[in-house]
Amino acid sequence: MARPPVLTPQADDFPRWYQDVLTKAELADNGPVRGTMVIRPYGYGIWERMQSEVDRRIKAAGAENAYFPLFIPQSYLTREAEHVEGFSPELAVVTHAGGKELEEPVVVRPTSETVIGEFMAKWVQSHRDLPLLLNQWANVVRWELRTRVFLRTSEFLWQEGHTAHATEADAAAYALRILHDVYRDFMVNVLALPVLIGRKTRQERFAGATNTLACEAMMGDGKALQMGTSHELGQNFAKAFDITYQDAEGTQQTAWTTSWGVSTRMMGGLIMGHGDDAGLRIPPKVASVQVVVLAIRDDPAVLAAVARISEALEDRGVRVKVDDRTDTSFGRRSTDWELKGVPVRVEVGPRDLENGEVTLVRRDTAEKQQARVVDLPVAVPSLLDLVQGSLLAEATRRRDERTVDVTTVDEAREAAQTGFARIPWATLGEAGEAELANHAVTVRCLQTPAGEVPATEDQPDVMAVVARAY
RNA sequence: CGGGGUGUGGCUCAGCUUGGCAGAGCGCUGCGUUCGGGACGCAGAGGUCGUGGGUUCAAAUCCCGCCACCCCGACCA
């Protein structure tokens, strides 16, 4: 039967597919002010799962949560030269409040290095106060010219970690630890996205950082998305905000700071990293609904079985949703759950039930199987594990198939039209980087041949991964 | 900032050339039949046609101003 597709097929128009799925899966709407977004309950439920997984890892790395103000004195921004230069064009500034013009304009934070630096300076006196490891969950505002829901919005939600250390080595080690133990671990093991890690080039570095580390993922169309960054800030902010301490010998020293963040942009990564023509495919570990138990017909035995099954699964710690809206057709409801990417459906109908069975459907492969009702408490969790693993395997296969090694700038540009290209950094260099930029191709990160973070960009074997990016 | 385009029901849009009762599809409400893969029938609700002015017996439609948004470029990263 030739029905029109539910979504614009990815191969026809990937950006259009993205827009369609945002709406039809009820993830988000555009806000009334240009570039803002409304995150709907289904989308926010996924973000809450992301938050709790990331938060747990941040705490395991020793950082504590705090909260700093949304409003920052404009003068703070100007204290670090590169920082102000990088952020000035995209600041939202409050000039009037309380019915009159303000003495000093107030900036809506685009990031919080400055205000947190100011308070770190107060709190750090002694080497015993270090390291100081802080994190906050907050909204920030950057007045972007081009916006896209989740990927680049005027206001977005994120966590931003800010730490101060006694030595450069300690700061560098911590920035790397966050990249490895918090970001990469979360993205690979929870989001099922096989991210690359590496250093940013000078061109791509955060405004005010001495070194930026990043996680980069490949989307379904072969383009790259920066999923998270971890910065070494050297002593730039410590000097600008006077974060100093007395060392064990009684000498005044300047601290070394880091900052690191992941945002609601990861929602975009999740959508474009796993989605297919039928909709989202949410990995079980971030799914706010892992299993939907769907009553096929309005039948007492069916409804009773649905309630019993969902309770049994909840007892096993599975996040379950019951769909007993039998006044809506079965086809419509299965299509909706596919759009929303719920990893597993348990379809309960009178026919199967006579044999003590139900139908289990995997979202990732669309594969259906019969299962005995009594086996579900064991069968469903193990199927969820299987889906989690196979989404990661599929994304990894795509990334590897679409990554090629090249030796010239021209080849790199060509390869970046469909995926990632790896080229020796010594071959590309900043001149080659600038040439690629003319074709909307950028260096996503610098890596060792083994895919690890290189200590410096000058190592002779460093590889540049280049791609088109969101 | 330069160039192009669009503003009509919740959404997508037609109608404008040639002025004459404000429309379609989807969505929504009710009833019925359906409902193991986007169901169907019937009956409904819902719009100051972006905004201000002008022309006219009559303006969604023609003219002038303004505003907003989108696309391309530039800028930014």
Participant: Using the six-membered ring of Y76(A), assess whether NZ or CZ of R79(A) lies under 6.0 Å from its centre and within 45 degrees of the ring axis.
Facilitator: yes

Participant: On a plain distance test, is the side chain of R333(A) in donor-acceptor contact with the base of G36(B) below 3.5 Å?
Facilitator: no

Participant: In dot-bracket form, 5' to 3', how is RNA chain B paired? Count Watson-Crick and G-U wobble pairs only if both distances fall under 3.5 Å, and write | where the partner sits on another strand.
Facilitator: (((((((..((((......[..)))).((((((.....)))))).....(((((..]....))))))))))))....

Participant: When you measure from the side chain of R332(A), which nucleotide among G27(B), C76(B), G36(B) comes out closest?
Facilitator: G27(B)

Participant: Is any side-chain N or O of R16(A) closer than 4.0 Å to OP1 or OP2 of U12(B)?
Facilitator: no

Participant: I'd like to know if D336(A) pairs up with R333(A) as an ion pair, taking the criterion as any Lys NZ or Arg NE/NH1/NH2 lying under 4.0 Å from an Asp or Glu carboxylate oxygen.
Facilitator: no

Participant: Verify, without hydrogens or angle tests, whether R177(A) (side chain) and V182(A) (backbone) share a donor-acceptor contact under 3.5 angstrom.
Facilitator: no

Participant: For the pair made of CG in L91(A) and P in A77(B), what is the distance, rounded to whole Å?
Facilitator: 12 Å

Participant: Does a donor on one side chain and an acceptor on the other come within less than 3.5 Å for T111(A) and E113(A)?
Facilitator: yes

Participant: NA contact type, R345(A), heavy-atom cut-off 4.0 Å: base, sugar-phosphate, or nothing?
Facilitator: base

Participant: Heavy atoms only, 4.0 Å cut-off, all strands: where does T442(A) land among base, sugar-phosphate and nothing?
Facilitator: nothing

Participant: Which comes earlier along RNA chain B counting from the 5' end, the contact point of P89(A) or that of V348(A), where each point is its nearest nucleotide?
Facilitator: V348(A)

Participant: Under 4.0 Å from OP1 or OP2 of G36(B): is there any side-chain N or O of R351(A) that close?
Facilitator: no

Participant: If you go through the side-chain atoms of S334(A), does one of them form a donor-acceptor pair with the base of G36(B) closer than 3.5 Å?
Facilitator: no

Participant: Starting at atom CD of Q19(A), determine the distance to atom C1' of C70(B), rounded to an integer number of angstrom.
Facilitator: 12 Å

Participant: With rounding to whole Å, what would you report as the distance between A59(B) and G4(B) at their C1' atoms?
Facilitator: 27 Å

Participant: Using the C1' atom on both, measure U17(B) against C70(B) and round to a whole Å.
Facilitator: 24 Å

Participant: What is the minimum heavy-atom distance between D324(A) and A295(A), and which atoms define it?
Facilitator: CA-CB, 4.2 Å

Participant: Specify whether Y174(A) and W260(A) have parallel, tilted or perpendicular ring planes, treating 30° as the upper limit for parallel and 60° as the lower limit for perpendicular.
Facilitator: tilted

Participant: Within the structure shown, what part of the strands sits under 4.0 Å from E144(A) by heavy-atom distance: base, sugar-phosphate, or nothing?
Facilitator: nothing

Participant: Can a salt bridge be assigned to the pair R205(A) and E232(A) using a cut-off of 4.0 Å between side-chain N and carboxylate O?
Facilitator: no

Participant: Fit a plane to each ring of F156(A) and W158(A), take the angle between them on a 0 to 90° scale, and name the class: parallel (under 30°), tilted (30 to 60°) or perpendicular (over 60°).
Facilitator: perpendicular

Participant: What is the distance from CG of N438(A) to P of A77(B), rounded to the nearest Å?
Facilitator: 16 Å

Participant: Let me know the distance between CD of E85(A) and C1' of C75(B), rounded to the nearest Å.
Facilitator: 14 Å

Participant: Between S329(A) and C35(B), is there a contact of a side-chain N or O with OP1 or OP2 at under 4.0 Å?
Facilitator: no

Participant: Starting at CD1 of I296(A) and ending at C1' of G36(B), how long is that distance when rounded to a whole Å?
Facilitator: 4 Å

Participant: With no angle test and no hydrogens, is the base of G36(B) tied to the side chain of K368(A) by a donor-acceptor pair under 3.5 Å?
Facilitator: no

Participant: Find the distance Q370(A):CD to G36(B):C1' and express it as a whole number of Å.
Facilitator: 10 Å

Participant: If you assign each of K24(A) and D298(A) to its closest nucleotide in RNA chain B, which residue comes earlier from the 5' end?
Facilitator: D298(A)

Participant: Can you check the D20(A) CG to C11(B) C1' distance for me, whole Å?
Facilitator: 12 Å

Participant: When you get a sec, tell me which of G37(B), G36(B), G27(B) is the closest nucleotide to the side chain of D352(A)?
Facilitator: G36(B)

Participant: Without hydrogens or angle criteria, can the side chains of T201(A) and E433(A) be said to hold a donor-acceptor pair below 3.5 Å?
Facilitator: yes

Participant: Report the distance from atom CG of L225(A) to atom C1' of A77(B), rounded to the nearest whole Å.
Facilitator: 14 Å

Participant: Please work out if T359(A) contacts a base, only the sugar-phosphate, or nothing of the nucleic acid, heavy-atom cut-off 4.0 Å.
Facilitator: base

